[in-house]
Amino acid sequence: MDATVIFTVNGQKTTVITDPRRSLLDVLREDLHLTGAKYGCGEGRCGACSVIMDGRRVLSCITPVGEANGKTIRTIEGLADGDSLHPVQEAFLEVGAMQCGYCASGMILTATALLERNPNPTDEEIVKEMNVNLCRCNGYTKILQAVRRAAEKIRR
Ligand code: FES
Ligand code: FES
């Protein structure tokens with residue numbers, strides 16, 4: 001049965017009337033046309049669908065949209081401040097931490113949630129946090145460099 005779900009997405013209060021068991025990813029992509037979060041595995045194993053919910057990274061493919069009721073969601077579309085990219089986006093571009101780019105939105109949001117909680121993580125903490133995020137292009141070395149660089153930018 002459909003329910004009303006009210007949440008804030010990238011600063012905008014948003015109401016959807018839908019089956020609350022649908023995935024948050026499906027609602028973001030299909031209903032709200034926010035296609036930055038990607039469908040990879042659909043079962044919580046690749047991180048391509050990562051978004052930030054109340055400051056924490058969630059895997060939106062396995063998060064029922066009903067769980068987002070009353071919450072604040074950030075997607076890659078809402079990360080930049082007008083024309084100014086977020087420091088994590090800047091760092092990924094500067095380092096060239098993207099090849100096909102399919103994993104990039106999830107990587108950037110996962111790193112953003114980490115660095116907002118802990119702007120000075122060790123490499124081990126970065127790897128632990130980003131462990132679920134898979135890059136099929138095997139760009140892990142540059143991704144780690146980009147997260148380190150983003151951390152420096154955020155601390156400055
Ligand atoms: S699509 Fe969500 S974790 Fe893979
Ligand atoms: S850049 Fe292609 S999957 Fe990561």
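Model, not experiment: these values are computed from the prediction. Each residue takes its place number in the sequence, starting with 1. When a ligand or atom number is given, it counts from 1 through the structure's own listing order.
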For the metal site, I want the angle between atom SG of Cys135 and atom SG of Cys103 with atom 4 (Fe) of ligand 2 at the apex, to 10°.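 The two atoms subtend 110° at atom 4 (Fe) of ligand 2.
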Numbering the atoms of ligand 1 from 1, which are under 4.0 Å from a heavy atom of [X]?
| X | answer |
| --- | --- |
| Arg45 | 3 (S) |
| Gly44 | 3 (S) |
| Cys49 | 1 (S), 2 (Fe), 3 (S) |
| Cys41 | 1 (S), 3 (S), 4 (Fe) |

Between Glu116 and Arg57, does any NZ, NE, NH1 or NH2 come within less than 4.0 Å of an OD or OE carboxylate oxygen?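 Answer for the salt bridge query: no.
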Pairing of Glu94 and Lys153 as salt bridge, 4.0 angstrom limit: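 Answer for the salt bridge query: yes.
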May I ask you to check whether over 12 heavy atoms, not counting those of Arg117, lie within 6.0 Å of atom CZ?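 More than 12 heavy atoms, drawn from other residues, nucleotides or ligands, come within 6.0 Å of this atom.
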Heavy atom to atom 2 (Fe) of ligand 2, shortest distance: which of Cys137, Gly139, Gly40, Cys46 holds it?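 Shortest heavy-atom distance from atom 2 (Fe) of ligand 2: Cys137.
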At under 4.0 Å between heavy atoms, is it the side chain or the backbone of Glu43 that contacts ligand 1, or both, or neither?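 For Glu43, there is no contact with ligand 1 at all, from either part.
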Among protein heavy atoms, which sits nearest to atom 3 (S) of ligand 2, and what does the distance come to when rounded to 0.1 Å?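 Heavy-atom neighbour on the protein nearest atom 3 (S) of ligand 2: Arg136 N, 3.2 Å.
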Starting from atom 1 (S) of ligand 2, find the nearest protein heavy-atom neighbour and note its residue, name and distance.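 Going by distance alone, atom 1 (S) of ligand 2 is nearest to Gln99 N, 3.3 Å.
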What atoms in ligand 2 come closer than 4.0 Å to a heavy atom of Gly101?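 Answer, ordered by atom number: 1 (S), 2 (Fe).
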Does the Glu129 side chain pair with the main chain of Leu114, one donor and one acceptor, at a distance under 3.5 Å?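 Side chain of Glu129 to backbone of Leu114: no pair is present.
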Would you confirm whether Tyr39, through its side chain, and Leu25, through its main-chain N or O, come within 3.5 Å as a donor-acceptor pair?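 Checked: no pair found.
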Determine whether the side chains of [X] and [Y] contain a donor N or O and an acceptor N or O closer than 3.5 Å.
| X | Y | answer |
| --- | --- | --- |
| Glu77 | Thr75 | yes |
| Thr35 | Arg29 | no |
| Arg74 | Asn10 | no |

Between atom 4 (Fe) of ligand 1 and Cys61, is there an N, O or S atom separated by less than 2.8 Å?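 Within the cut-off used here (under 2.8 Å), Cys61 places no N, O or S atom near atom 4 (Fe) of ligand 1.
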